[in-house]
Colleague: 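Following this message is one structure expressed as structure tokens.
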Amino acid sequence: EKCGYASFMLKEIAEQPKAVADTLLGRIDGSGTLSLDEVRIPPGVLREVDKVVVVACGTAFHAGLIAKYAIEHWTRIPCEVELASEFRYRDPILDQQTLVVAISQSGETMDTLMALRHAREQGARVLAICNTNGSTIPRESDAVLYTHAGPEVAVASTKAFLTQLVACYLVALYLGQVRGTKYGDEIGDVVRDLSGISGAVERVLGTMDPVRQLARSLAHKNTVLFLGRHVGHPVALEGALKLKELAYMHAEGFAAGELKHGPIALIEEDLPVVVVVPSPRGRSVLHDKIVSNIQEIRARGARTIVIAEEGDEAVVPYADHLVRIPATPTLLQPLVATVPLQVFACELATARGNEVDQPRNLAKSVTVE
Ligand code: F6R
């Protein structure tokens, strides 16, 4: 039941700190070591993996795009991410040393299921990341890492997405641990940072009133653009997807570095542009480049909605609206940066009179190809 919330979506957004904590529970021990015995692929096999391919659809695909950064950084194994609906029609190159990661909240998405069947026929091992016990995708996979988001009722995925990210980080760190990569020390640190992330999500949720107010003030707009870089790029794509499906608005996500290659032509007076800013501490080069992007679009009249870390003062002069998120390690930032975008889409859709739990034309699980 909705437990007093106006919608399942609002309830599920609010449940995210718990969903994140539950997905970590029992998988990290006190010394910062991962124990993922439930992933029944022998360490010997994982050491031989020479390529990871992530397949998924929609929001789960965005989790996969973020997983690529984590997997390649912590394991140095090449990782591809592909829309499940495109995968098998391309005759992809797969063999026994390929690890395919299939991400699905429902575990019943036909496109993802067909992609994993194709992968197994070619001899690849398939690890499912799934939120639904005993569903088809985990049953047909070699192994499964369950997300512990609890049942997700609203059609738009929120808490499942955050737990998919956590599961992706765990898989990446576990692969790094098993293979003993040179990022060993960093892995211990990240595991500790992950343990604090549920509290960071909680803090973001406590500061969402101005985001709601902003969303309501933009209800009459036709278009919203989203920009990000590095792991902020998939976050921008996810923000745009949420707005499309809930508010039925034209929303598009771009890699901020691509602006000058075309999208900047879209900028006009008072166009809302949401910018996800990377940490000024981690990849500071990217941070500075994105601050220049914000300046450029603002000079052309955009209304800038800036999502930036606490303490990032460089963005202040160029932000028409500033949304603060807690400082996190770069790769983990999507866990906190996505939350304001979910709240934004939900509130904007409500202001437009839309039914947020049951957006038009959409179904919770898509069991046709
Ligand atoms: C977006 C959304 C969809 C699903 C996609 C995959 O909010 O809910 O894009 O993410 O249909 O569904 P699962 O994860 O069940 O395979």
Side-chain angles (χ1 to χ4, degrees), residues 7-13 15-16 19 23 54-67 81-88 100-117 119 126-141 144-168 226 234-249 251-253 334 338-339 341-346 348-349 354-369:
S7 63
F8 280 106
M9 186 174 179
L10 282 173
K11 173 173 176 265
E12 289 161 6
I13 288 173
E15 284 170 348
Q16 293 184 112
T23 300
V54 183
V55 292
C57 303
T59 288
F61 173 71
H62 297 153
L65 291 175
I66 293 164
V81 191
E82 188 149 352
L83 290 166
S85 56
E86 289 291 325
F87 184 65
R88 72 191 173 113
V100 171
V101 178
I103 310 176
S104 174
Q105 187 285 130
S106 62
E108 301 296 345
T109 301
M110 188 55 76
D111 288 315
T112 310
L113 180 61
M114 296 314 265
L116 85 81
R117 282 188 186 157
V126 177
L127 168 64
I129 290 178
C130 185
N131 197 47
T132 312
N133 268 303
S135 56
T136 311
I137 287 171
R139 272 194 282 118
E140 293 205 16
S141 299
V144 55
L145 186 63
Y146 280 108
T147 49
H148 295 157
E152 194 178 60
V153 177
V155 165
S157 188
T158 55
K159 61 176 180 169
F161 176 68
L162 258 59
T163 61
Q164 284 162 355
L165 290 178
V166 169
C168 288
F226 294 78
V235 172
L237 298 177
E238 175 62 8
L241 178 61
K242 283 283 146 320
L243 205 59
K244 282 175 210 164
E245 61 183 338
L246 296 165
Y248 319 146
M249 283 167 85
E252 240 183 299
T338 306
V339 175
L341 305 185
Q342 299 167 339
V343 172
F344 181 73
C346 186
L348 214 154
N354 299 351
E355 167 51 68
V356 292
D357 286 341
Q358 291 287 340
R360 68 185 183 199
N361 309 340
L362 292 172
K364 183 65 184 162
S365 77
V366 184
T367 53
V368 290
E369 245 196 300

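Counting starts at 1 for both ligands and their atoms, following the listed order. Note that the coordinates shown come from a computational prediction; the quantities given were computed from them, not determined experimentally.
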Colleague: Just to be sure I understand the cut-off, which residues have at least one non-hydrogen atom under 4.0 angstrom from an atom of ligand 1?
Modeller: Cys57, Gly58, Thr59, Ala60, Ser104, Gln105, Ser106, Thr109, Val155, Ala156, Ser157, Lys242, Glu245
Colleague: Do Leu348 and Leu243 make a side-chain contact, defined as non-hydrogen atoms from C-beta onward lying under 4.5 Å apart?
Modeller: yes
Colleague: Would you tell me whether Lys242 and Thr59 have side-chain atoms, one donor and one acceptor, within less than 3.5 Å of each other?
Modeller: yes
Colleague: I'd like to know if the side chain of Glu152 pairs up with that of Ser157 as donor and acceptor (distance under 3.5 Å, no hydrogens or angles considered).
Modeller: yes
Colleague: Any chance you could lay out the side-chain contact (heavy atoms from CB on, under 4.5 Å) test for Leu162 and Lys159, step after step, and finish with the verdict?
Modeller: CA-CA 5 Å; Leu162 258 59; Lys159 61 176 180 169; 5.8 Å; no
Colleague: Looking only at side chains, do Thr136 and Glu108 share a donor and an acceptor under 3.5 Å apart?
Modeller: yes
Colleague: Is there side-chain contact between Gln105 and Thr132, with heavy atoms separated by less than 4.5 Å?
Modeller: yes
